[in-house]
Amino acid sequence: MTLGLHDTRARRRRRVRWTVAKWVIGLSVIIGAGVFAYETGLSLAQRRVILRDQKIVELNAEIETLRRRNAKLDVGLRSERERLGEARARYEADVPSGKIASLLGRVRDKLEEGVDPARLEFVIAAAENPRTCDEKPVTKRFLVQTPLQKGANDSVSFAGNAITITAEGVLAKDAQGRVEAWFDPAQPITLQLAQLGGKTARTSGKLPLHTSVVVGDSEYRYSLVTGTQRGFVQVTGDRCRYP
């Protein structure tokens with residue numbers, strides 16, 4: 001009887017131990033599965049983070065590439081616009097329009113009809129708007145200034161002393177090459193027209209020399225030629241209505 005009781009107790013202990021062992025094994029499996037799932041999820045999350053960071057880097061690189069490309073395109077566009085503006089300006093300057101185009105067409109027609117080009121050039125050069133002038137020219141003479149000749153008789157006045165005319169020239173030389181005091185009429189002179197108030201107009205060239213100056217509603221026109229006396233020039237002036 002004692003032996004039977006002992007066996008019963010032993011079976012109970014084995015059942016308890018087996019039950020405990022099953023629970024331990026079950027809990028271990030559950031814990032292991034949880035740890036595995038956690039580590040797997042963590043690994044997947046880390047991989048997603050790495051992929052996301054890589055994608056961000058790639059997108060930033062693409063954005064930078066596009067930004068540089070756009071900058072180059074902007075520079076190219078500005079350059080093309082500048083070239084287009086220059087081409088348009090050249091076209092407008094070189095290609096006649098309006099009255100000029102009409103006049104050129106008529107000149108072309110005349111040339112095709114056999115008119116001498118020299119004749120057309122002469123007519124164009126001679127053409128000017130009609131002038132209303134006093135037709136009362138006044139002629140005066142004065143000495144052309146040189147480094148060796150300045151002082152009396154080296155200026156004349158017109159328009160009621162409103163315009164004073166002087167001139168400077170190059171020293172003449174004799175046959176032996178020696179310098180003389182008066183100017184050389186074969187060399188260019190510099191003409192100066194000084195107005196009251198300080199305004200001055202200058203022009204240079206060889207004689208005969210022609211120039212004009214506008215004062216208010218009048219244009220004063222002057223022509224200079226070599227004088228009959230050495231060192232002098234003669235200037236003839238007339239007044240015309242302006243414009």
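Since the model is a prediction, treat every value here as computed from it, not as a measurement.
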How long is the span from the [atom1] atom in [X] to the [atom2] atom in [Y], to the nearest 0.5 Å?
{"X": "Ile163", "Y": "Lys199", "atom1": "CD1", "atom2": "NZ", "value": "10.5 Å"}
{"X": "Trp182", "Y": "Leu143", "atom1": "CH2", "atom2": "CG", "value": "11.0 Å"}
{"X": "Ile63", "Y": "Arg68", "atom1": "CD1", "atom2": "CZ", "value": "13.0 Å"}
{"X": "Ile189", "Y": "Thr146", "atom1": "CD1", "atom2": "OG1", "value": "12.5 Å"}
{"X": "Glu121", "Y": "Asp116", "atom1": "CD", "atom2": "CG", "value": "10.0 Å"}
{"X": "Gln192", "Y": "Thr203", "atom1": "CD", "atom2": "OG1", "value": "12.0 Å"}

Would you mind listing every salt bridge (Lys or Arg N to Asp or Glu O under 4.0 Å) that reaches into residues 209-237, with sequence neighbours excluded?
-> Arg131-Glu219

Which pairs with one or both residues in residues 177-193 pass salt bridge (Lys or Arg N to Asp or Glu O under 4.0 Å), sequence neighbours excluded?
-> Asp174-Arg178

Write down the atom of [X], the atom of [Y], and the distance for their closest heavy-atom approach.
{"X": "Val214", "Y": "Gly216", "result": "CG1-O, 3.7 Å"}
{"X": "Val225", "Y": "Pro208", "result": "CG1-CB, 4.0 Å"}
{"X": "Leu111", "Y": "Pro117", "result": "CD2-CG, 3.8 Å"}
{"X": "Thr164", "Y": "Ser157", "result": "OG1-OG, 3.4 Å"}
{"X": "Leu207", "Y": "Leu224", "result": "CD2-O, 3.8 Å"}
{"X": "Gly169", "Y": "Pro147", "result": "O-CD, 4.4 Å"}

Under 6.0 Å from the NZ atom of Lys140, do we count more than 12 heavy atoms belonging to anything else shown?
-> yes

Mind checking what makes salt bridge (Lys or Arg N to Asp or Glu O under 4.0 Å) contact with Arg83, not counting sequence neighbours?
-> Glu80

Using the test salt bridge (Lys or Arg N to Asp or Glu O under 4.0 Å), find all partners of Lys173 that sit at least two apart in sequence or belong to another chain.
-> none

Any side-chain heavy-atom pair of [X] and [Y] under 4.5 Å:
{"X": "Arg108", "Y": "Glu112", "answer": "yes"}
{"X": "Glu58", "Y": "Lys55", "answer": "yes"}
{"X": "Leu59", "Y": "Glu62", "answer": "yes"}

Non-neighbouring partners of [X] that pass side-chain hydrogen bond (donor to acceptor under 3.5 Å, both in side chains), sequence neighbours left out:
{"X": "Ser223", "answer": "His210"}
{"X": "Gln195", "answer": "none"}
{"X": "Arg67", "answer": "Glu64"}
{"X": "Thr132", "answer": "none"}

Please tabulate, for the side chains in residues 232-240, all donor-acceptor contacts under 3.5 angstrom to protein atoms that are two or more places apart in sequence or on a different chain.
unit_1	atom_1	unit_2	atom_2	d
Thr236	OG1	Thr139	OG1	2.8
Asp238	OD2	Glu135	N	3.4
Arg239	NE	Asp134	OD2	3.0
Arg239	NH1	Ser218	OG	2.9
Arg239	NH2	Asp134	OD1	2.9

Could you check whether any side-chain N or O of [X] sits under 3.5 Å from a backbone N or O of [Y], counting only pairs where one atom can act as donor and the other as acceptor?
{"X": "Ser79", "Y": "Val75", "answer": "no"}
{"X": "Ser155", "Y": "Thr166", "answer": "no"}
{"X": "Asp53", "Y": "Ile50", "answer": "no"}

Joint hydrophobic cluster, Ile165 plus Leu196, side-chain heavy atoms closer than 4.5 Å = no

Does Val138 share a hydrophobic cluster with Tyr220, counting links as ILVMFWY side-chain heavy atoms below 4.5 Å and allowing steps through other members?
-> yes

Hydrophobic side-chain clustering at under 4.5 Å (ILVMFWY, transitive links): who's grouped with Leu171? Put none if nobody.
-> Leu148, Val179

Besides Leu103, the hydrophobic cluster formed by Ile, Leu, Val, Met, Phe, Trp and Tyr side chains linked at under 4.5 Å, directly or via other members, contains none

Set of ring-ring contact (aromatic ring centres under 6.0 Å, His included) partners for Phe158, sequence neighbours left out | Tyr222

